[in-house]
Amino acid sequence: MTIPELPKAYAPADHEDRIRAAWDGSGAFHADPSRVLNEKAAPYSIVIPPPNVTAALHLGHALNNTLQDVLTRFHRMMGFETLWMPGTDHAGIATQAVVEKRLRQEGRLKGSLREAFTREDFVTEIQAFKDEYEAVITGQLKKMGCSCDWQRQRFTMDDVCARAVREAFFRLFLDGLIYRGKRLVNWDPALQTAVADDECYDQETDAAFYYLRYPLVHERKHQGPRDEDEDPQPATWNELAARGYPGAEEFPAEEPAWITVATTRPETYLGDTAVAVNPHDPRATALRGLFIELPLVGRIIPIIEDGYVVLPRSMAGTQEQAADPKAEFATGFLKVTPAHDPNDYEIGRRHSVDGAMHEWTRARGHPVLVNMMSPDGRVSDRHGWTDVGDAHELVGRKMAEARKMVVELFKARGLLGDVRPYRHNVKHSDRSKAAIEPYLSDQWYVKVTDPRLAKAANQAVATGDQPAGDHSLRFHPERYTRTFEQWHDGIRDWCISRQLWWGHRIPVWFGGVLTGDPQEIRTKLAHWEEQGRLAVRSKPFGDTREMAVALRLDDAVEQGDASASDESPRANQAFADTMICVRGEHDREVIDFLEEVGFEQDPDVLDTWFSSALWPISTMGWPDPGLASKMTGIGDFEALLKAFSPTSTLCTAREIITLWVSRMVMFNRYFMGEGHGRGPVPFRDVFIHAVIQDGDGHKMSKSLGNGVDPLDIIASHGADAMRFTLCQMATNTQDVRMPVRRDPATGRNTSEKFDLGRNFCNKAWNAARFGIGILAQVPPADHAPLAPGTLSLLDRWMLSRLRTATADINAAIGRFEFSVYAQTLYSLVWNDFCDWYLEGIKPTVAADAGQRAALHASLGAILRLLHPVAPFVTEAIHETFRLLRSPGVAGLQLDASGRGEMLCTAAWPVIDESLDDPEAEREFARVQSLVTSIREVRAQHQVPPRRRVTLHLPRHVEPTWRPVQALLSTLAGLDAVTTEDPPATHAVFSFDGRSLAVSGMSDAAAIDTGAEKARLEKIVADNEKLMLVLEGRLANPGYAQKAPPHMVQQTKDQLAKAIADRSAAAEALNRL
RNA sequence: GGGCGGGUAGCUCAGCGGCGAGAGCAUUCGCCUUACACGCGAAGGGUCCGGGGUUCGAAUCCCCGCCCGCCCA
């Protein structure tokens, strides 16, 4: 058989497509769950963190997926039945925003989205966009060499995953873990949806502090039903003075008194429900029992005491308080607008449960939360605000406009104090750039505060005895356990509704205006409920303290709405409070009936993380694998879930711990544990890797648009080079900076950082080219595997190094130390195999069958060890390498796995301990050391590499070098080793405390004495310096007494050698 | 505000009680030595952020401080 010669350089583009096609064609990455269930192989599984379909992948994803592929390929070669489940995520808001922007750029969308498109048409647009980007992303992953099970690829909104989402929602709803309530959210008035905190950014804005005077009044005197005509009685300065209010006497005694609030958002005063004062404020006591009458509106609100209120600088009790920048602007009085400010919301919560606000507002029938804005960002009296009073001219105004008007109205009434310019951060929406309005709206929540969810998640990481902790989930690096735990400790209920069109629609129908007989409807609902096809709940439900606020607000809203539209006949209000969750997405009978009688489905969609949280099980067909098989035509879903769930490892970045990992753990434990939160975790190990930053230290992200396309790097350096470099950078550091530059020739990004990987791949390629070239020349003898003991020193050394490296690599991958894996390979291949082994065998390998067997074994093992990180180049080499035959070396197994001829399914090397050869390692280290010394001398005398020199050894030393003389000559470029005295033109060097000589360095009659003198002087100086250090150490009495004896001995030996080396060099210097 | 990480060669980073503190790139010198110039051989280059402490011994452990970054409020 003729073995083809490999090209001189590895050109990735010449191989990658061919090899990828071969992998695809072989089905090598398709996991077979039956092998697990039949106990033919142990399972190893990973689910991909599904990339968003909003944009192409960047280098951060390249790192993430490279590491997953290393794990996947490693375990596949180790003999595990290995599943790497690929897929993509629909990314609700991000994708919707991107498509909306695109439509605008194309001129196909002007004005409001909701007016220009129907929901259905817009979703069709997004669907097309998703198809486009899903293909781009899949293409990127394939080009990177990811060995995913592509036949099983999923999408978070496909039928299989949608089924899981529907079931999960239904079960949580049924179990009372989902509720609907009013909460403050970040409201984007342009997109008209709630947005998450991480979808907002702060922008410095020039604004102002407005000082508004709020009149003080007495509570009306009579109890009982409120008399609308009874005006509240103003409190006068006189009275305040009598109550001991500091400074009251400076005002006209009989005039109505007021306090001043400072605010940057005067328009929200319409929603004020209290004024707060710090309990340490000297004015607080004097104000007890007094109230505020909101100008124009006429609403009476209480004065409450709360430590959150910033004291003005003049009253600050501590330095810290005075240093608060707000203290400069503060008046000590804070208008409390719980429906329009998160801090005020918290104050509202604190005081509504058992505080003054609660008692008082309850008695007056006033809500704690007054919402004065409509979803499009205008002042509105239709969303929970009834007491408009004289403020009606503000209704319908945009918030910014209302601000100006409020200021004017206060000014006209003499109620405007100062206006002071103030620069501060204002939250804006990432997607629309609109200023965020804190906004109270109806949202759906998962009650993750329930112990079955958050607490169960924490139990998974806790160490200790059951049931306190089961330690079934481990983070790597371990420190991230704390992040995970603290998140769950401080967790708040999870808002899962988004006011979008793209996503899983909330499967709940509300009672509206109904037609039909309530009794009949009830009967049907009960019947279906019994069949498990729907779940019925009346709102409100739940009983937490937190909800008390929301409930009171719900009441308020109902009052407001009722006055606004009082059309519905009372009989049909029977289902006004009814919420119905329909279990089956395609249960037409139920859905059609509900809609016929007037129930309407909630228009909102679920937060994307809700479906992501189910990813490890939804992709495997939960809850109905049989149905999943029917839907997809993939037959073995049933076995898939049994064989591969829970998965083995999750590989992701740290900001995902809270967003995604946490939710997967909660859901997996809940749904796979029959509702008690003690089910299995979705994965045993979570590996957190570094974040890739751009050259400016910003995180590469799809939304920032600073991502570098892996395909650019593949184009300039090749996929393996990119993978190796990324792997080599994956240390336990938190961030990796990756500056790139645009190559003017191609217009693509590239970076010199990847030269490391490219050079290494080329080095491996050429080593293989050389090795294969030698092995192809001589047909192998028909021979049993060679015993290591029969091999040469160099071969035994190489096999010993290989065995150590393999053990190190196994351990490194097991501990997720990817950079250790890469670096171990680098030095094994480059330093040991190329620099020493291949150089050393050149003169002998042609005639030494044992050496050829060792070469074959080494090369075969290296290809396998290298494959997980550099799959293309190794597979390309293997195409030729596998044609070679070799008797092999006993103790080093390079079996085929029996699953095809390709390297990707070859077995991982198993190297027996018997190949450990410390004696060979020691002996060859001595050779390396002498070779290096000779090379130093050669370099200093500028001896050309081709020129051979002669080594002169003392007669009694020579025998110790005789066995390795040939090796020494090869590596150091010697023509002879002699015991004869050197000729006049020679150079002396110190080795092992002895003075050795080299001659024949040039044809000139004399050597360069200047260079030689400088060289020797440096040796003397270096050794003298070292002697000082070592002598100092030994002179320390504590050292000899307390340090371990072998340390002391080592120091003594070092010192002896330094002294000998110094004197050898000094002697040579004298002779010169 | 709470939590976490980092500061080591010109650059990017390893090392985390005991090596004269390392690697890759960059720099300098010599080489197109028949696997590889994406290469070979050699060299120079360090108050291990600052200050205390523990220890026979600290880049490494502890305390204080100064910078930089991330996550969660």
Side-chain angles (χ1 to χ4, degrees), chain A residues 5-11 197-198 342 346 477 479-480 482-483 485-487 489-492 653-659 688 690-691 693 697-699 717-718 721 725 728-729 731-739 751-774 817 819-820 822-823 826-827 830-831 834-835 838-839 842 931-932 934-948 971-973 1015 1018 1022-1023 1025-1030 1032-1044 1046-1048 1050-1051 1054 1058:
Chain A
E5 195 182 329
L6 299 179
K8 188 170 170 177
Y10 174 63
D197 283 333
D198 54 7
E346 289 305 319
R479 65 183 125 95
Y480 291 111
R482 208 123 109 97
T483 308
E485 282 177 314
Q486 286 178 350
W487 164 259
D489 285 342
I491 203 164
R492 296 174 58 178
R654 63 185 175 280
E655 81 269 16
I656 300 300
I657 296 171
T658 53
L659 291 172
I688 303 294
V691 168
Q693 303 176 329
H698 298 121
K699 180 171 82 178
H717 287 76
T725 306
Q728 175 270 149
M729 293 189 321
T731 60
N732 65 9
T733 179
Q734 293 200 134
D735 308 294
V736 174
R737 216 174 261 218
M738 178 58 72
S751 166
E752 283 152 20
K753 287 216 166 201
F754 294 100
D755 291 357
L756 173 86
R758 183 199 54 191
N759 296 350
F760 180 65
C761 290
N762 190 247
K763 188 73 178 176
W765 174 264
N766 270 289
R769 182 167 106 96
F770 178 65
I772 290 169
I774 289 165
E817 291 171 350
S819 75
V820 174
Q823 273 152 12
Y826 191 95
S827 74
W830 202 306
N831 303 128
C834 292
D835 290 348
L838 292 184
E839 290 305 323
K842 277 178 180 175
V931 168
T932 303
I934 297 168
R935 284 175 178 173
E936 260 171 56
V937 177
R938 293 179 61 121
Q940 256 136 8
H941 288 279
Q942 308 220 330
V943 179
R946 287 176 124 166
R947 187 172 182 105
R948 304 244 140 200
L971 295 169
R1015 193 176 67 79
K1018 186 173 181 307
D1022 283 353
N1023 278 293
K1025 198 175 133 204
L1026 180 59
M1027 282 157 61
L1028 277 178
V1029 171
L1030 298 173
R1033 194 176 298 169
L1034 289 167
N1036 181 343
Y1039 184 64
Q1041 280 165 27
K1042 297 191 181 172
H1046 74 271
M1047 290 299 312
V1048 180
Q1050 185 185 307
T1051 309
Q1054 278 177 303

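What you see is a predicted model; the values in this text were computed from it and never measured.
Geometrically, Lys763(A) does not engage Tyr826(A) in a cation-pi contact defined by less than 6.0 Å to the ring centre and at most 45° from the axis.
One can place CD1 of Ile657(A) at 12 Å from P of rC71(B), the figure rounded to the nearest angstrom. As a whole-Å value, the separation of Arg938(A) CZ from rC31(B) P is 13 Å. Rounded to an integer number of Å, the gap from CZ of Arg947(A) to C1' of rG30(B) is 15 Å. Straight-line distance from the CG atom of Leu838(A) to the C1' atom of rG39(B): 14 Å, rounded to whole Å.
Nucleic acid contact class of Cys834(A) (heavy atoms, under 4.0 Å, all strands): base. Using a 4.0 Å heavy-atom distance criterion, Glu936(A) is classed as a sugar-phosphate-only contact. Here Glu839(A) lies in heavy-atom contact (under 4.0 Å) with a base. Nucleic acid contact for Trp487(A): sugar-phosphate only, since backbone atoms but no base atoms lie under 4.0 Å from a heavy atom of the residue. Using a 4.0 Å heavy-atom distance criterion, Arg935(A) is classed as a sugar-phosphate-only contact.
Taking 90° from 0 as the syn/anti boundary, the base of rG20(B) is oriented syn.
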### Summary
Under a 4.0 Å heavy-atom criterion, the protein footprint on nucleotides 13-25 of chain B, written with B, S and -, is SS---B-B---S-
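Base-pair partner of rA59(B): not found among the strands shown (Watson-Crick or G-U wobble, both distances under 3.5 Å). Across every strand in view, rU34(B) sits unpaired, with no contact that passes the Watson-Crick or G-U test at under 3.5 angstrom. The partner of rG5(B), taking Watson-Crick or G-U wobble pairs whose two distances both stay under 3.5 Å, is rC68(B). Base pairing of rG44(B): no nucleotide in any strand meets the Watson-Crick or G-U wobble criterion (both distances under 3.5 Å). rA26(B) is unpaired under the criterion used here, namely a Watson-Crick or G-U wobble arrangement in which both key atom distances are under 3.5 Å.
In this model, a side-chain donor or acceptor of Lys763(A) finds a partner on the base of rC36(B) within 3.5 Å.
Arg654(A) has its side chain out of reach of Thr483(A): every pair of non-hydrogen atoms, C-beta onward, lies at least 4.5 Å apart.
Using a cut-off of 4.0 Å between Lys/Arg side-chain N and Asp/Glu carboxylate O, Asp755(A) and Arg758(A) are scored as salt-bridged.
Of the listed nucleotides (rU33(B), rA42(B), rA35(B)), rA42(B) has the atom at the smallest distance from the side chain of Thr932(A). Closest to the side chain of Asp835(A), from the set rG41(B), rG3(B), rG5(B), is rG41(B).
The side chain of Arg482(A) places an N or O atom within less than 4.0 Å of a non-bridging phosphate oxygen (OP1 or OP2) of rC4(B). Distances shown here put a side-chain N or O of Lys1018(A) below 4.0 Å from the OP1 or OP2 atom of rG44(B). Between Lys842(A) and rA35(B) there is a side-chain polar atom (N or O) within less than 4.0 angstrom of OP1 or OP2.
Note: Met738(A) CE to Thr725(A) OG1 = 7.5 Å, rounded to the nearest 0.5 Å.
Classified by interplanar angle (parallel below 30°, tilted 30° to 60°, perpendicular above 60°), the ring pair Trp830(A)/Phe760(A) is parallel.
Nucleotides of RNA chain B nearest to Arg769(A) and Ala939(A) differ in position, and the one nearer the 5' end is that of Arg769(A).
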